[in-house]
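Throughout, a chain's letter reflects where its sequence line sits, starting with A, and its residues are numbered from 1. Computed from a predicted structure; not experimentally measured.
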Number of protein chains: 2
Amino acid sequence: MARHADPALPERRRSQILEAARECFRERGFRLSTIEEICAEARISPGALYRYFDSKADIIAAIALDARAEAEAMLERVNGSEGLIEGLAELARAFFETFDGDGDAALLADIWAEAARDPLLAKALLIRDQIAVGRLAAAIERAQRAGSIYPALPATEAAEALIAGLEGMALRRALRRENETSEAVRRYRSLALHILKPKR
Amino acid sequence: MARHADPALPERRRSQILEAARECFRERGFRLSTIEEICAEARISPGALYRYFDSKADIIAAIALDARAEAEAMLERVNGSEGLIEGLAELARAFFETFDGDGDAALLADIWAEAARDPLLAKALLIRDQIAVGRLAAAIERAQRAGSIYPALPATEAAEALIAGLEGMALRRALRRENETSEAVRRYRSLALHILKPKR
DNA sequence: ACCTGAACACCGTTCAAGT
DNA sequence: ACCTGAACACCGTTCAAGT
């Protein structure tokens with residue numbers, strides 16, 4: 001008895017649904033998007049959707065984890081690059097742009113609200129977050145040992161502050177419906193400069 | 001014809017409902033709290049509730065505005081106090097404590113999610129926020145002129161960064177379900193020190 | 001003037017029936 | 001093995017009827 005007619009199908013269906021959900025959430029947000037709408041967008045029936053996701057919350061959880069994985073990859077690049085400040089500025093630009101426009105800004109807040117209530121999602125996000133903080137802290141220590149920065153705070157604390165600042169700024173931009181990223185990036189860069197105190 | 005049997009009744013009903021709603025949101029969060037539960041807690045019927053609030057979202061909007069008004073009052077105290085850093089540390093402690101424990105942490109995120117989607121609430125919060133930033137910036141300028149600090153950034157930018165950092169840290173604490181405020185306050189104080197660079 | 005609570009509309013989720 | 005879509009349960013909101 002063949003277990004899977006097409007072993008790649010489940011993964012394809014999942015991303016098909018996630019794509020549709022992202023589109024809906026972007027337009028109307030998590031609360032106002034209905035399963036029916038997501039199904040219509042994904043060209044699938046409600047019954048089929050629940051074969052691949054446990055609940056509506058489970059869908060936003062998957063989206064949140066994807067976004068974190070992206071942030072992690074960005075930090076990987078920061079760790080690799082020589083100019084720590086430049087890397088951070090690029091990270092900030094990418095982060096602000098990801099959560100830009102009317103829709104995605106709200107998505108960031110939705111993810112947070114969901115995570116604050118769902119312990120499983122919170123735990124999953126936290127693991128990714130710790131990896132991100134760890135990578136940034138490592139990059140800071142490396143630059144510090146190389147003598148190119150003189151951070152104002154211990155590496156881990158500086159990394160935490162930099163990420164908290166980034167997230168706080170992103171949320172404030174969401175509230176203000178700002179679309180212009182350059183000014184925000186400039187401000188973030190300036191904050192990073194004063195936390196990390198590069199030589200020269 | 002008497003317009004109001006008791007002119008204070010509407011206000012009393014509103015706070016009675018808000019009190020009940022806060023209690024419910026704290027326990028189960030915005031999404032999972034039902035109007036019926038809020039009504040039971042407030043000892044009032046659904047019909048009566050909708051006489052005082054337009055919708056469920058309208059209730060969280062009122063709670064959000066109350067919280068901002070509190071933050072404003074805290075900043076007023078910071079502006080008054082001589083020790084800017086100490087004032088900020090106290091502000092941070094109060095802020096963290098307000099959004100502490102399992103319930104309220106989520107409430108902060110709920111408010112953000114709601115604001116990101118409801119332009120009217122966003123606008124109302126923004127006005128309050130600008131007042132808060134303005135007050136902090138004024139306090140920074142005053143201390144700067146008095147020669148007690150040498151801020152790393154222009155006053156308004158420093159104020160923005162300090163508030164973004166505070167909000168970012170509060171959300172991260174929410175995700176981690178941290179209850180211990182002292183360590184977070186210490187970290188925030190340290191960040192403020194390095195942004196404001198007080199003399200001595 | 002203010003309230004009650006049954007009724008309505010809507011939406012997340014399930015499940016019997018199909019291929 | 002995978003899907004459909006009608007049915008169910010639940011909850012935000014309204015409104016006719018009461019005092």
Quick one: [X] [atom1] to [N] [atom2], roughly how many Å, whole number?
X: A:E36; N: C:dT13; atom1: CD; atom2: P; value: 14 Å
X: B:I35; N: D:dC11; atom1: CD1; atom2: P; value: 11 Å
X: A:L9; N: D:dA1; atom1: CG; atom2: C1'; value: 9 Å
X: B:L49; N: D:dC15; atom1: CG; atom2: P; value: 16 Å
X: B:R13; N: C:dA1; atom1: CZ; atom2: C1'; value: 12 Å
X: B:I60; N: D:dG12; atom1: CD1; atom2: C1'; value: 15 Å

Hey, is the main chain of A:Y52 close enough, under 3.5 Å, to the side chain of A:R14 for a donor-acceptor pair?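 Yes, A:R14 side chain to A:Y52 backbone: donor-acceptor pair under 3.5 Å.
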Pull out every residue in residues 40-48 of chain A that has a heavy atom closer than 4.0 Å to any atom of DNA chain D, ordered by number, or say none.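 Contacts with DNA chain D under 4.0 Å: A:I44, A:S45, A:P46, A:G47, A:A48.
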Which ranges of DNA chain D pair up as stems, where a stem means three or more consecutive Watson-Crick or G-U pairs with both distances under 3.5 Å?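 DNA chain D stems, ordered by first number: C:4-8 with D:12-16, C:12-16 with D:4-8.
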Where do B:R12 and B:D6 land on the salt bridge (Lys or Arg N to Asp or Glu O under 4.0 Å) test, with the steps shown first? CA-CA 10 Å; B:R12 222 171 56 230; B:D6 176 359; 2.9 Å; yes
With a 4.0 Å cut-off on heavy atoms, is A:Y52 in touch with a base, just the backbone sugar-phosphate, or nothing at all?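 Sugar-phosphate contact only.
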Quick one: label B:R31 by what it contacts on the DNA or RNA (base, sugar-phosphate, nothing), any heavy atom closer than 4.0 Å.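 Touches nothing.
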To the closest 0.5 Å, what do you measure between OG (A:S190) and CG (B:L153)?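 Result: 4.5 Å between the selected atoms.
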